[in-house]
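A note on names: the letters A, B, ... follow the listed sequences, proteins ahead of strands, and every chain is numbered from 1. None of these values were measured; they are calculated from a predicted model.
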Amino acid sequence: MKYNFKATEKKWQQYWQREQTWLALDNSKKKKFYSLIEFPYPSGDGLHVGHLRPITAMDVISRQRRMAGENVLYPIGMDTFGLPAENYAIKTNTPPKVATKRNIANFNRQLQMLGYSFDWSRFFSTSDEDYYHWTQWIFIQLWKNGLAYKAKENINWCLSCQIGLANEEVVGGVCERCGGAIVKKEKEQWLLRISKYADRLIDGLKRIDFLEPIKKQQTDWIGRSEGVEVDFAITNSDQKLKVFTTRPDTLFGVTFMVLAPEHPIIHRLEGQIKNLSAIKKYISAARGKSDIDRGKEKSGLKLEGVSAINPVNKKEIPIFVADYVMMSYGTGAIMAVPAHDQRDWEFAKKYKLNIVPVISGGDIKKEAYTDTESGQMINSDKYNGFSVKKFQKEITGWLSKNKIGKKTVNYKLHDWIFSRQRYWGEPIPMVYCEKDNWQAVPEKDLPVVLPDIKDFKPTADGQSPLAKLDKWINTKCPVCGGPARRETDVMPNWGGSNWYFIRYTDPRNKKQLVDPKKAKYWLPVDWYNGGMEHTNLHLLYSRFIYKFLFDIGVIPKECGDEPYAKRTAHGLILAEGGVKMSKSKGNVINPDDIVAKYGADALRVYEMFMGPFDQTIAWDDQGVTGVFRFLNRIWALADKIGAVKTSKESERLLHQSIKKVSTDIEQMHFNTAVSQLMILLNHLEKQEKINKDLWADFIKLLSPLAPHLSAELWQKLGHKNNLAYESWPKYDVRLAQEEKIILGIQVNGKLRDTIELDYDTAPSKELEKEILSQEKIQRCLQGLKIRKFIHVKNKIISIVAN
RNA sequence: GCCGGCGUGGUGGAAUUGGUAGACACGCAGGACUUAAAAUCCUGUAGCUUAAAAGCUGUGCCGGUUCAAUUCCGGCCGCCGGUACCA
């Protein structure tokens, strides 16, 4: 009888639900295993096959761990606040709340259709009041601890989304979401002081099992660099110009200074600047440019009437304003050393400025000489002849002794812009008291509920749509009782997603963010798989928030301050032909179609079989037919089960398969795990009858990948118990070992013949004689003299002759 | 530009403390079953020479180390990802 995947899959999904098979126990004696995927944001388009790759992978691992005796928490929720949901709502002109509810239902239907072993009892959405209550609570704690502050900042402004973006959300100079142009805009924003955690975010990486590229990307993004801050005096002024440099050894080569267009000292020096109107014109032109345009060609303008004094040689040097220097790094001003910095060199060439080499070795006529390791000091007064390293130490000491400079550390990482001028997000629980600045909403009044609103579209003036709700905005100051106004910006979608995995451990707690007992049992997450695109976003943010919650005691000490013990990443799935799946191209593969045609198990197995898990791969419809046949052949084999003896050969292959499938799943080499099962199946198909116990083990190995078919076969075999908690097969090294082995015989590096030997046959003279007498070998050796005979046990036999 | 990763049949890919390259699957070709088709099953399938036996070539390109290199080393080319005036 043909395998009826439709009926079978429905049957077992209902069974698992009825039996509550996937409930995670909060206080089990078993070893706990917390496996996590990045929860989806439910767009209107539904899931596509690319989303299922990481979910299926962690489901396979979770199922295998349950059978290996662990208490598994594999939770699911939805990241519902934020732009994707809001944009979809705008496009369809449906209130976000309504659209989101509908989308959640569709996502849940699709996830259930694939038979994932989620603990659905812990489900929540980030836009649930019960949940964002605690998202707001975290914000208030950050504020109370001085880690949330409002400031006027030059921020990245997306012209198309009409919102401010964090640096992490600007990708390649354009908006991460919509690809629109980014300009600088001065705006009052809430910021989180993630920079205070920069060192801990780097150091923590040493203690956790993240893929190396993830560690490296995060470290690079945080961008710690050690250097010196140096003060330059300004002529006819008490103002000082502070710069950051990693190369204090080049101080004698400083021939001019450069300010970022936004540098505040320009304003303070207005009285002395003779070409002020030209400077102002340059600055406003620079502001209107996007970051990409700024990078195109170097331009600048000299500040007439003011100069700086080089502290080491007291020389007067000109000051420029130029947009190749950025306000957002270091001090927003640089000491330019054109002889030893390529950018400064190009600028000096363009504006015909002095280029003074201070380190021997390069040819500064052609380009800047940037080698830091070798060379000696020149043109550096009494320090001539010093090595670069020695002088660096010397001058740093001199600067700090004379209070001109000091050692310091700089980071590329900036404080995290945390407000969005949108509607569909967590209201920031702050009110502005006319008398006394910003105050937090009292914790007993949480959550600050997002009001329903008719016109939820973003406004062109850069205000949140909430700014139109006078009734909601006007409130009382929680401290003095006087009139106050609510904050109208909302949190970015990261607000809810940076702590959701904590809430899974105690999702219904009304009194606390999390019960410390439950947190202690489950945290940290044992294995978190997600996309590489979140390395500098969600993954960095959530580590920061977790460390903060650890610091204020919400996360118990025993858990440590790193949220994820292990992080892996999956490759993307592209549409057929290797292009990105997109609705506009009409090439999105919908799992509904695949499941209708081939069933959930076939889709699951194909997702795992299609290629290496960590690599990008194109979808191939024909590939699904391969695994579909595989599953049907397994079903057909169930008729051959009987009480027969298992052959040595079958037993060996079984044990080899147990070993390979087990280690492959653990290493996420799912494609080779599947192919091993195919090899085993191909072998079993050749047998007259198949032993019941061997078959039972085969079903167990298959079950994490194709759980519905396996459950059905398990029952067919006469079992009444739940396969999900049956013990994972163990392999016996001796039984897995081949008895005979075929070795290649090479003559002068070329394979000429083979020989079958007992495993572990040691090299011997007799064997050598036997091999040399083989006909093919004799023929190859005709007229040659044997120089060397090499036999590496179980590997190769190699003969050298000439 | 800089920093990672990768490059193997018609296709997805397998094989690494150096040891028989191409497992497994797709596709294709031939055959069986069928009035026919689909489905299923069997056989073959890196390229070249060849009727066959066999031989030669072959893991992006060039060179090196070694009895032996997809694997190690040096140089180059291409693709993908990250990052980008970071002082």
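Following rounding to the nearest Å, Lys793(A) (NZ) and G19(B) (P) show an atom-to-atom distance of 17 Å. Remark: C1' of A87(B) and CG of Leu241(A) are 13 Å apart, rounded to the nearest angstrom.
Relative to the side chain of Arg629(A), the nucleotides G27(B), C24(B), U20(B) differ in distance, and G27(B) lies closest. Of all nucleotides listed (A87(B), G27(B), G19(B)), G19(B) comes nearest to the side chain of Ser798(A).
A donor-acceptor contact under 3.5 angstrom links the side-chain atoms of Lys298(A) to the base of C85(B).
Between Lys750(A) and U57(B) there is a side-chain N or O to OP1 or OP2 distance below 4.0 Å. Between Asn671(A) and the phosphate of A14(B), there is a side-chain N or O to OP1/OP2 separation shorter than 4.0 Å. Contact annotation: Arg752(A) does not reach the phosphate of C67(B) (side-chain N/O to OP1 or OP2, under 4.0 Å). Of the side-chain N and O atoms in Asn632(A), none sit less than 4.0 angstrom from OP1 or OP2 of A39(B).
Ring geometry, Phe5(A) versus Tyr3(A): the interplanar angle falls from 30° to 60°, so the pair is classed tilted. Using cut-offs of 30° and 60° on the angle between ring planes, the pair Phe320(A) and Phe347(A) is perpendicular.
Remark: C56(B) base-pairs with G47(B); criterion is Watson-Crick or G-U wobble with both hydrogen-bond distances under 3.5 Å. Nucleotide U34(B) forms a pair with no other nucleotide shown, judged by Watson-Crick or G-U wobble geometry with both contacts under 3.5 Å. Pair assignment for C86(B): none, as no Watson-Crick or G-U wobble contacts are both less than 3.5 Å. Across all strands shown, the partner of G12(B) is C24(B), judged by Watson-Crick or G-U wobble contacts whose two distances both fall under 3.5 Å. In this structure A69(B) sits in no base pair that meets the Watson-Crick or G-U test at under 3.5 Å.
Comparing Lys216(A) and Gly749(A) by the nucleotide of RNA chain B whose heavy atom lies nearest to each, the residue mapping closer to the 5' end is Lys216(A).
Lys215(A) forms no cation-pi arrangement with Phe210(A), by the criterion of a distance under 6.0 Å to the ring centre and an angle within 45° of the ring axis.
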Task: ring pair (Phe, Tyr, Trp, His ring centres under 6.0 Å) assessment of Phe630(A) paired with Trp635(A) - done: CA-CA 9 Å; Phe630(A) 168 62; Trp635(A) 176 254; over 10 Å; no
